[in-house]
There are 2 protein chains.
Amino acid sequence: MPLPIKISEETFTPRQQAVLTAALDLLVENGDGLTMTAVARRASCSKETLYKWFGDRDGLLTATVQWQAAKVRMPHVDRSHLSAKVLRESLEQFARDLLTTIIGEVSITLNRTAITHAAQEKDSLGNIVLENGPMAIRRRLKPILEAARDARLLRFNSSEDAYRIFFGLVVRDVQIRLLLGDKSLTQSNVEANIEADVKAATDQFLALYGAKANT
Amino acid sequence: MPLPIKISEETFTPRQQAVLTAALDLLVENGDGLTMTAVARRASCSKETLYKWFGDRDGLLTATVQWQAAKVRMPHVDRSHLSAKVLRESLEQFARDLLTTIIGEVSITLNRTAITHAAQEKDSLGNIVLENGPMAIRRRLKPILEAARDARLLRFNSSEDAYRIFFGLVVRDVQIRLLLGDKSLTQSNVEANIEADVKAATDQFLALYGAKANT
DNA sequence: CCGCAGGCGTACCGTACGGTACGGTTCCGC
DNA sequence: GCGGAACCGTACCGTACGGTACGCCTGCGG
């Protein structure tokens, strides 16, 4: 069954959402070793119900990832009156949201699960994570960048390139190291530096793409 | 059995290396669905031999990853006579090596395998990949950056920060998208842009950290 | 020529887990 | 009150796969 593009509140009943919550919790706890029996026990439902609702294990996994990924909400920036100050604050907000998201356990788990699935020719989970992660940010950020260019606040040829550089400046090696389980990069460790990193990334992005030396 | 830190030629006999090659091929082909029976058949050896040599499935996986990861050799840059030109070429070489590595199927497979393992509280594979990937680059790059700072070619406070920014400028969202199986990012697609990306990343890094407007 | 170590192929075992079947219970419409 | 739908709990089935055992062959030292 092809999943709907948009996940809304009514897509899953409250009971189903409780099941998905249980599945997500188990995913975070036990990694990809998610068994249908464990989900059924945790959610106090029968396996038969799981199969009835979600088809098979992949369906449950997909529903879980999609449901959780859709929870991530991006801040909406009013691009009608952009100033250097507003632009900077918007960029900082994006950087902050991006960083706080990728260092969260839920994000790490979802990305790991999707990557594991992508290793088996199943790209559906990967597409969902991509669509609700990097691509969602890109959709939000690019119009702002282009509006800033129109307002002579930024200068670049390709907004696509500019977005990707921003992504790189913010994420750097943090995500891959967390995904690989780098112990020297504890969550609290990164968390403490978020504000400094956000500011640094924004400064650097503006240094590269700012129309002049606009702080 | 704790694995040796350093993998040399003599660590594995030729026959064992043939087995590891078979395992790696299967890993690239079938993702993490690697079975001992498949390896034994592909390598024309018995399962009993596999267990004798590598202990268990994890041991075989670890040996495969470690053996392959150790194959990646970094270019050695002579940092005794650094000029702006030599520095730029060195940076471009690092960027080129980094990009060509991460877009390769072997690297994608190894990273996916290690991430899958990290999702199960097994961090050994992740550590190996980290150690031979990002950390190896860091070890090579940081001395060069520091030498360049001493030669007044670069200006920065923390060479750690500088390295991580360089990593971000080069990798951007390429690696995570490939790991997630993004179809719109074909290998040939990225490959065609490598030289442009290498140059762009180097330019941007020098724009941020160059002592002056040194092209 | 003999014995034996190393290794191949295969058969085998145990278990974990995806998926199904079924009896029992609750709840809702009629 | 009654029939049925939804759902829980659990027992069950089939299979895939990790790991082991064993028979056989080959090569080699003595």
Side-chain angles (χ1 to χ4, degrees), chain A residues 1 3 10-65 109 112-114 116-117 119-122 124-125, chain B residues 1 3 10-65 109 112-114 116-117 119-122 124-125:
Chain A
M1 56 172 164
L3 280 164
E10 313 88 39
T11 308
F12 300 111
T13 68
R15 182 77 182 98
Q16 286 172 335
Q17 294 186 32
V19 171
L20 294 179
T21 302
L24 184 65
D25 288 349
L26 283 173
L27 219 50
V28 172
E29 289 171 22
N30 303 338
D32 203 20
L34 183 73
T35 71
M36 301 299 278
T37 307
V39 174
R41 203 157 38 218
R42 174 73 66 104
S44 292
C45 72
S46 75
K47 282 169 68 175
E48 194 170 21
T49 304
L50 291 184
Y51 285 102
K52 182 173 186 178
W53 284 348
F54 304 105
D56 56 3
R57 185 176 178 277
D58 258 26
L60 173 61
L61 224 46
T62 306
T64 305
V65 172
T109 299
R112 280 180 178 160
T113 306
T116 300
H117 249 62
Q120 292 150 7
E121 266 99 317
K122 306 244 182 187
S124 58
L125 289 190
Chain B
M1 55 170 167
L3 281 165
E10 313 86 40
T11 309
F12 300 111
T13 69
R15 184 77 183 97
Q16 287 172 333
Q17 292 187 30
V19 171
L20 295 178
T21 303
L24 185 65
D25 289 349
L26 283 173
L27 219 51
V28 172
E29 289 171 21
N30 303 338
D32 202 20
L34 183 73
T35 71
M36 301 300 277
T37 309
V39 174
R41 202 157 36 219
R42 175 72 66 101
S44 292
C45 73
S46 74
K47 282 170 67 176
E48 195 169 21
T49 305
L50 291 185
Y51 285 101
K52 183 173 185 179
W53 285 350
F54 304 104
D56 56 2
R57 185 175 178 278
D58 259 25
L60 173 61
L61 224 45
T62 306
T64 305
V65 172
T109 299
R112 279 180 179 160
T113 307
T116 299
H117 249 62
Q120 292 149 7
E121 266 100 317
K122 307 243 183 187
S124 58
L125 289 191

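Here is how names work: the chains are called A, B, and so on, in the same order as the sequence lines, proteins then strands, and each is numbered from 1.
- Put simply, A:W53 has a side-chain N or O that comes within less than 4.0 Å of OP1 or OP2 on D:dC7.
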List every contact pair, protein side and nucleotides 19-23 of chain C side both N or O, where the distance is under 3.5 Å.
residue: C:dG19; atom: OP2; partner: A:R57; partner atom: N; Å: 3.0
residue: C:dG19; atom: N7; partner: A:K47; partner atom: NZ; Å: 3.0
residue: C:dG19; atom: O6; partner: A:K47; partner atom: NZ; Å: 2.5
residue: C:dC22; atom: N4; partner: A:E48; partner atom: OE1; Å: 2.1
residue: C:dC22; atom: N4; partner: A:E48; partner atom: OE2; Å: 3.4

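- At distances below 3.5 Å, not a single donor-acceptor pair connects side-chain atoms of B:Q120 with backbone N or O atoms of A:G31.
- Considering B:D58, B:T116, B:T62 in turn, B:D58 is the only one that fulfils the side chain to side chain donor-acceptor pair (under 3.5 Å) rule with B:K122.
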side-chain contact (heavy atoms from CB on, under 4.5 Å) between A:L60 and A:M36, intermediate numbers included: CA-CA 9 Å; A:L60 173 61; A:M36 301 299 278; 3.9 Å; yes
Walk me through whether B:T113 and B:T109 qualify under side-chain contact (heavy atoms from CB on, under 4.5 Å). CA-CA 6 Å; B:T113 307; B:T109 299; 4.1 Å; yes
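- Closest approach of A:A43 and A:R15 over heavy atoms only: O-NH2, 2.9 Å.
- If you check every strand for non-hydrogen atoms under 4.0 Å, B:L50 touches nothing.
- Counting any heavy atom pair closer than 4.0 Å across all strands shown, A:R15 reaches sugar-phosphate atoms only and no base atom.
- At the heavy-atom level, A:L34 lies under 4.0 Å from the strands shown only through sugar-phosphate atoms.
- One distance of note links CD of A:Q16 with OG1 of A:T49; it measures 10.0 Å at 0.5 Å rounding.
- With rounding to whole Å, A:F54 atom CZ is found 14 Å from D:dC7 atom C1'.
- Proximity of A:L20 to A:F54: side-chain heavy atoms (C-beta onward) are separated by under 4.5 Å at one or more points.
- The shortest side-chain heavy-atom distance between A:L26 and A:V39 falls under the 4.5 Å cut-off.
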For nucleotides 13-16 of chain D, give me every protein contact, N/O to N/O, under 3.5 Å, one pair per line with atom names.
none

